[in-house]
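Notes follow once the structure below has been shown.
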Amino acid sequence: MTTARIHSMETFGSVDGPGVRFVLFLQGCRMRCRYCHNPDSWKLDGGEEKSAEEILNYALRYKSYWGTQGGITVSGGEPLLQIDFLLEFFKACKEAGIHTTIDTAAGPFTREVPFFSKFEKLMQYTDLLMVDVKDIDPERHLDLTRVKLDNIIDCLRFLDSISKPVWLRHVLVAGYTDDDGEILRFKEFAQSLHNVRKIEVLPYHSFGMYKWEALGMKYSLADVEPPSAERVEQVLNMLDAQSYPDYK
Ligand code: SF4
């Protein structure tokens with residue numbers, strides 16, 4: 001039996017996929033996003049260890065709230081770093097008839113084995129992926145997250161090739177990820193895919209700043225203000241977000 005390292009769990013998630021969801025946040029991430037609101041989830045060997053069976057039994061207590069649309073989302077940290085657990089967990093979820101979603105930044109994706117063969121198998125048990133594209137420009141992506149963009153784009157191309165439904169997410173950070181030219185490049189990229197069901201624009205916030213300070217790290221975006229609701233709306237329009245089937 002494979003165990004997972006857990007950061008936390010949310011029993012009534014409403015922003016991490018369709019409907020009401022049980023959200024499992026896995027521990028561990030190799031990205032270093034400047035705006036990360038959970039830097040306490042980075043440490044690969046932190047968190048609490050639990051088995052797939054234990055988590056599923058706990059999540060099932062909330063099944064009656066999920067209705068026809070809801071289900072289970074695994075987020076992070078970076079969930080794909082614990083792909084062996086995900087495979088076992090989502091297989092059991094599908095056997096129990098549960099809608100499954102992965103909320104990922106796709107950083108660990110590679111076409112090399114053993115990861116790729118596990119990922120292909122995992123897709124058989126995954127209904128939806130929410131993929132956070134931090135920045136469509138490779139250099140800016142590297143500056144923002146300290147990891148490369150190319151394998152993330154490759155992951156999205158692969159998901160397109162197998163027609164796996166995807167929601168794209170983009171965090172809007174003034175002076176970093178809200179440049180009109182980049183937004184239009186992101187739009188072009190999204191439109192080149194055939195499996196995108198929704199695009200979400202998430203306004204940057206600094207709620208996690210205190211965690212950086214508590215961990216003794218410098219928060220580099222301390223002077224950045226959240227975008228206005230009007231700017232978020234404008235970016236959604238630029239991306240033609242209303243044209244995607246799951247847009248609400
Ligand atoms: S991918 Fe998510 S958890 Fe990892 S550093 Fe970025 S925001 Fe934080």
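The shown structure was predicted, so the numbers you read here are calculated from the model rather than taken from an experiment. Remember, it's 1-based here, ligands and their atoms both numbered in the order they're listed.
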Can we say Lys118 and Glu120 salt-bridge, meaning some charged N sits less than 4.0 Å from an Asp/Glu carboxylate O?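 Between Glu120 and Lys118 there is no salt bridge, as every charged N stays at least 4.0 Å from the carboxylate O atoms.
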May I ask you to say whether Glu182 pairs ionically with Arg185, meaning some side-chain N is under 4.0 Å from a carboxylate O?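 Result for this pair is yes, salt bridge flagged.
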Residues sharing Leu81's hydrophobic cluster, by side-chain heavy-atom contacts under 4.5 Å among ILVMFWY, directly or via others?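 Its cluster mates, by chain and number, are Leu44.
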Report the residue from Thr104, Asp132, Asn38, Asp103 that forms a side-chain hydrogen bond (donor to acceptor under 3.5 Å, both in side chains) with Ser75.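 Among Thr104, Asp132, Asn38, Asp103, the one meeting side-chain hydrogen bond (donor to acceptor under 3.5 Å, both in side chains) with Ser75 is Asp103.
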Applying salt bridge (Lys or Arg N to Asp or Glu O under 4.0 Å), name anything that partners Asp150, two or more places apart in sequence or on another chain.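 Salt bridge (Lys or Arg N to Asp or Glu O under 4.0 Å) list for Asp150, sorted by chain: empty.
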Identify every side-chain donor-acceptor pair in residues 65-74 under 3.5 Å, counting partners at least two apart or on other chains, and give the distances.
residue : atom : partner : partner atom : Å
Trp66   : NE1  : Tyr62   : O            : 3.4
Thr73   : OG1  : Asp16   : O            : 2.6
Thr73   : OG1  : Arg21   : NE           : 2.6

Protein N/O/S atoms under 2.8 Å from atom 4 (Fe) of ligand 1: how many?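 Of the protein's nitrogen, oxygen and sulfur atoms, 1 lie under 2.8 Å from atom 4 (Fe) of ligand 1.
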Going by the atom numbers of ligand 1, which of them fall below 4.0 Å from some non-hydrogen atom of Lys134?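 Once the distances to Lys134 are compared, the set is 1 (S), 6 (Fe), 7 (S).
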